[in-house]
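As C-alpha cells, the structure follows; a few thoughts come after it.
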Amino acid sequence: MKKGIYPGSFDPVTYGHIDMIERASKMFDKLYVSITENINKKSFFTLEERLDLLKKICQNYKNVEIVVCQNKLTVDFALELGANVIVRGLRAVTDFEYELQMASTNHQLNSNVETVFMMTNTDYSFLSSSMVKEIAYIGGNVNKFVPKIVEDKIKEKLKKA
Ligand code: ADP
C-alpha cells in the first residue's frame, strides 16, 4: 500500500491546499494530511479548529485522513504512519528556497523519506493562507479563496477578537 503525507499549517486551509489534496490523493492508496505546528508562525486557528475544518472539507475523499503532528519531526511521524513520501506544493519561485531547505533537511534527518513537489494549479498560484488572513482582517471578501465553512469560521473568530 503506497502511503503519502502532505504536511502543512493549513491556517486556514485554502482552495490551493484542497486542490493539492485532491491531486495527491490520486497518487497514493492512502494520503495523510498532517497539520503541523510551525514554530515560526503564530497561528490564527487552533490545531483543533484546523482539524475540524479539514475533516469536514475532506470527508468525501475516502483515502484521505487528517492527522495532527505535534512535537515530532515530520519524517519520524511519516514513518510511524508507514508513509515514505512527503508531498509539498510549489507556487512561485519564492517557495523554492524554503522548500529546498526543508526537503534537504528532511533527507538528512531520514533518507528513507522522499519529498515530492507538485506545481500549483495556476488558478491558485498566488493563493496563500497569509493572504486570506490579511484580506479577512481588513474586511475583504475571501469567498474565492476558501470554502464557505472556512469563511464563516474566520468571520466568527474575528468577531470574537
Ligand atoms: P507551511 O507553514 O508548512 O508552509 P502551509 O499550510 O502554508 O504550511 O502550506 C503547506 C504546503 O502547501 C506547502 O508546501 C505550500 O507550498 C503548499 N501550498 C500552499 N498554498 C498552495 C497553493 N495555492 N498551491 C499549491 N501549493 C500550495
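First listed ligand is number 1; within each ligand, the first listed atom is number 1.
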- Could you find the nearest protein heavy atom to atom 9 (O) of ligand 1 and give me its residue, atom name and distance? H17 NE2, 3.6 Å

- Just need the protein heavy atom nearest to atom 22 (C) of ligand 1, so name the residue and atom and give the distance. R91 CD, 3.5 Å

- Task: Run the salt-bridge test on D76 and K72 with the 4.0 Å N-O cut-off and return the result as yes or no.
- Result: no

- Item | Min N/O separation M20 to ligand 1 under 3.5 Å | no

- For T120, atoms of ligand 1 separated by under 4.0 Å from a heavy atom: 22 (C), 24 (N), 25 (C)

- Which ligand 1 atoms, with their elements, are less than 4.0 angstrom from a heavy-atom of P7? 10 (C)

- Going by the atom numbers of ligand 1, which of them fall below 4.0 Å from some non-hydrogen atom of F10? 6 (O)

- Decide whether the shortest distance between a heavy atom of D95 and an atom of ligand 1 is less than 4.0 Å. yes

- So CD1 of I66 and CZ of F10: to nearest 0.5 Å the spacing works out to 8.0 Å

- Query: Which residue holds the protein heavy atom closest to atom 7 (O) of ligand 1, what is that atom called, and what is the gap in Å?
  - Reply: K41 NZ, 3.5 Å

- Location of contacts on D11 toward ligand 1, heavy atoms closer than 4.0 Å: neither

- Which of the atoms of ligand 1 are close to Y124, meaning less than 4.0 Å from one of its heavy atoms? 22 (C), 23 (N)

- Starting from atom 3 (O) of ligand 1, find the nearest protein heavy-atom neighbour and note its residue, name and distance. R88 NH1, 3.1 Å

- Task: Could you tell me the separation between the CZ atom of F117 and the CZ atom of R88, rounded to the nearest 0.5 Å?
- Result: 7.5 Å

- Query: Nearest non-hydrogen atom to atom 18 (N) of ligand 1 belongs to which of Y6, F145, Y98?
  - Reply: Y6

- Item | Aromatic plane relationship, H17 with Y6 - under 30° parallel, 30 to 60° tilted, over 60° perpendicular | tilted

- Is a salt bridge present between E37 and R50, judged by a nitrogen-to-oxygen distance below 4.0 Å? yes

- Item | For G16, the ligand 1 atoms whose distance to one of its heavy atoms is below 4.0 Å | 22 (C), 23 (N)

- Donor-acceptor contact present, side-chain S129 to main-chain P12, <3.5 Å: yes

- What is the nearest protein non-hydrogen atom to atom 16 (O) of ligand 1, stated with its residue, atom name and distance? G89 O, 2.7 Å

- Query: Is E151 salt-bridged to K148, cutoff N-O under 4.0 Å?
  - Reply: no

- Could you check atom 8 (O) of ligand 1 against the protein and tell me its nearest heavy-atom contact, residue, atom and distance included? S9 N, 2.9 Å

- Salt bridge flag under 4.0 Å for residues D11 and K133: yes

- ligand 1 atoms nearer than 4.0 angstrom to some heavy atom of E99 are 13 (C), 14 (O), 16 (O)

- Where the side chain of N63 meets the backbone of S25, is there a donor-acceptor pair that is under 3.5 Å apart? yes

- L79-L109 co-clustered via ILVMFWY side chain contacts under 4.5 Å: yes

